[in-house]
Participant: 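Sharing a structure below in structure tokens format, with a few things to ask.
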Amino acid sequence: MNKAAQFIQERLQARADSGSLRKLSRLHLPVDFCSNDYLGFSRSAVLKNHIEALLLQIPNLSTGSGGSRLLSGNHVFTEETEAMIAKFHDAESGLIFNSGYDANIGLISSLAQRGDTIISDELIHASLIDGARLSHASRYTFKHNDIAALEAKLKLATGNIYVLVESVYSMDGDLAPLAAINACCKHYGANLIVDEAHALGIFGNYGTGRVQELGLEQEVFARVVTFGKALGCHGAIVLGSPALREYLINFARSFIYTTAAPLHSIVSIHAAYQLLAETDHTPIITERIKQYSQAVEIAGIAHKPSESSIQTVLYNSGIKAKSAAESLQQKGLDVRAILSPTVPKGSERLRICLHTYNSNEEIQTLISQLVLLKQHE
Ligand SMILES: Cc1ncc(COP(=O)(O)O)c(C=O)c1O
């Protein structure tokens with residue numbers, strides 16, 4: 001075996017030995033408590049019909065975009081979609097990226113220069129971490145949602161300062177104290193960047209997100225909104241000033257050096273935003289979240305309190321979390337375990353996603369099964 005092959009083998013074996021080897025799963029069970037399709041958009045027949053009708057209106061629709069946005073991959077419809085989404089979010093402008101991962105690495109790595117400072121919440125998503133790593137700026141993290149800890153790092157910062165948070169945290173489902181974070185950033189002249197991946201469709205009027213719910217849209221430096229979760233599509237947009245948009249077109253490498261999304265993908269995003277703006281889905285999802293939270297509290301199941309569609313059931317070991325997920329899956333409930341290193345060792349959990357299409361009965365069945373599992377632990 002050559003050295004590279006041996007390296008691969010050893011790393012995989014170490015993962016297997018610690019019970020954290022990742023595998024692609026083909027599991028699709030009848031009751032979905034796993035996907036990020038919070039509003040059911042990706043399975044919506046109404047949306048599908050709407051997309052098909054919109055596609056028919058585009059003359060000479062090609063399968064692929066044929067190149068990057070800067071070459072043959074741009075289209076007037078894409079720019080109209082960006083303007084429409086920016087308007088929905090009360091932002092001056094927006095630039096679509098092929099994914100939330102691309103948006104975050106492109107935005108952070110292009111902005112922050114040597115001598116600048118990036119300060120991030122310790123629980124931010126890997127895409128924001130990778131964006132910061134790709135930059136040449138100094139990097140600090142602060143204790144999750146802790147304003148005093150953020151302030152301590154702001155006092156050490158030099159150059160342009162960028163503070164990175166999620167409005168809803170992807171693994172714990174808890175909310176950032178955005179108003180206090182924004183006030184702290186303002187005091188120290190720092191630029192606040194908010195990832196709204198898990199807030200879209202759930203918070204704010206018609207699901208505009210937490211930044212708008214709190215009236216902070218004119219305050220934050222930039223927002224990243226992704227389309228792969230509540231919107232049921234794929235891709236993301238960076239919202240900010242027209243100058244930021246132009247800067248990203250010129251300097252964000254994950255925007256420049258990649259083939260643009262095909263137009264049918266942009267049409268799906270366009271149609272999904274129209275659906276979001278037409279009907280307020282937040283009362284239904286809020287009701288589901290309330291119902292689940294009350295039931296889990298009454299049942300005394302160890303969890304992290306969350307007002308979002310992401311809920312956790314905590315286990316102190318990966319093996320226990322995996323075994324609980326497998327038991328639930330045998331009952332037809334699609335629940336997945338989240339293991340280290342995605343979450344810190346000792347905080348392995350079930351990540352339960354609630355959807356508008358989860359019925360009361362499904363939620364009750366899940367809670368009863370969780371109680372049974374805890375009794376037999
Ligand atoms: C908070 C957060 N930001 C960004 C992303 C990346 O978005 P995408 O899946 O569109 O690449 C995710 C998705 O996992 C996420 O949870």
Side-chain angles (χ1 to χ4, degrees), residues 22 24-25 34-39 41-42 81-82 85 89 94-109 118 120-134 141 144-145 162-176 178 181 192-204 207 209-211 220 222-240 248 252-255 258-262 265-266 268-269 272-273 304 306-312 336 338-339 341-343 349 351-355:
R22 292 175 168 124
L24 292 177
S25 163
C34 161
S35 80
N36 296 319
D37 186 20
Y38 306 128
L39 305 181
F41 273 29
S42 85
T81 301
E82 288 172 331
I85 298 172
H89 287 292
L95 186 70
I96 289 180
F97 283 71
N98 285 350
S99 72
Y101 186 88
D102 283 356
N104 279 334
I105 60 165
L107 172 69
I108 313 299
S109 68
I118 298 172
S120 14
D121 186 287
E122 64 183 349
L123 294 190
I124 54 164
H125 190 259
S127 53
L128 291 158
I129 297 174
D130 290 357
R133 279 185 182 158
L134 281 173
T141 55
H144 181 52
N145 278 349
Y162 300 97
V163 171
L164 315 182
V165 297
E166 286 170 43
S167 53
V168 177
Y169 280 87
S170 62
M171 287 300 140
D172 290 22
D174 60 338
L175 312 184
L178 276 185
I181 290 174
L192 178 58
I193 297 178
V194 184
D195 182 325
E196 293 253 61
H198 299 278
L200 180 72
I202 316 294
F203 294 96
R210 287 204 68 233
V211 167
V220 300
R223 277 173 278 171
V224 177
V225 181
T226 68
F227 309 143
K229 308 190 193 296
L231 209 66
C233 299
H234 187 257
I237 193 164
V238 176
L239 301 168
L248 294 174
R253 293 168 70 86
S254 60
F255 175 85
T258 190
T259 300
S265 183
I266 304 295
S268 302
I269 293 161
Y273 259 97
K304 294 197 174 200
S306 155
E307 294 163 51
S308 75
S309 17
I310 303 165
Q311 303 287 330
T312 54
R336 309 291 171 99
I338 307 287
L339 308 175
T342 303
V343 291
R349 79 272 312 265
R351 178 175 183 266
I352 290 160
C353 292
L354 301 170
H355 311 95

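Start at 1 and go down the list; that is how both ligands and their atoms are numbered. Treat the numbers as computed from the prediction; the structure is a model and nothing was measured. Just the heavy atoms: all of them, side chains too, but no hydrogens, waters or symmetry mates, feed the values below.
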Participant: Any side-chain to backbone donor/acceptor pair from Glu166 onto His125? Under 3.5 Å, distance only.
Facilitator: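 Judged by distance alone, yes, a pair lies under 3.5 Å.
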
Participant: By salt bridge (Lys or Arg N to Asp or Glu O under 4.0 Å), which residues pair with Arg336, not counting sequence neighbours?
Facilitator: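 So Arg336 forms a salt bridge (Lys or Arg N to Asp or Glu O under 4.0 Å) with Asp334.
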
Participant: Any side-chain donor paired with an acceptor under 3.5 Å for His144 and Asp172?
Facilitator: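 Their side chains do not contain a donor-acceptor pair, so the 3.5 Å distance test is not met.
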
Participant: Among all residues two or more places apart in sequence or in another chain, which pass the salt bridge (Lys or Arg N to Asp or Glu O under 4.0 Å) test with Arg253?
Facilitator: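 In terms of salt bridge (Lys or Arg N to Asp or Glu O under 4.0 Å), with neighbours along the sequence ignored, Arg253 is linked to no residue.
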
Participant: Closer than 3.5 angstrom, by distance alone: can the side chain of Ser109 be matched with the main-chain N or O of Ile105 as a donor-acceptor pair?
Facilitator: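 Looks like yes, one N/O pair under 3.5 Å.
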
Participant: Return a table of N or O atom pairs, ligand 1 on one side and protein on the other, at distances under 3.5 Å, rounded to 0.1 Å.
Facilitator:
{"from": "ligand 1", "atom 1": "3 (N)", "to": "Asp195", "atom 2": "OD2", "distance (Å)": "2.6"}
{"from": "ligand 1", "atom 1": "10 (O)", "to": "Gly100", "atom 2": "N", "distance (Å)": "2.7"}
{"from": "ligand 1", "atom 1": "11 (O)", "to": "Gly100", "atom 2": "N", "distance (Å)": "3.2"}
{"from": "ligand 1", "atom 1": "11 (O)", "to": "Tyr101", "atom 2": "N", "distance (Å)": "2.9"}
{"from": "ligand 1", "atom 1": "14 (O)", "to": "His125", "atom 2": "NE2", "distance (Å)": "3.1"}
{"from": "ligand 1", "atom 1": "14 (O)", "to": "Lys229", "atom 2": "NZ", "distance (Å)": "3.1"}
{"from": "ligand 1", "atom 1": "16 (O)", "to": "His198", "atom 2": "NE2", "distance (Å)": "2.7"}

Participant: Who pairs with Arg223 by salt bridge (Lys or Arg N to Asp or Glu O under 4.0 Å), at least two apart in sequence or on another chain?
Facilitator: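 Expected list: none.
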
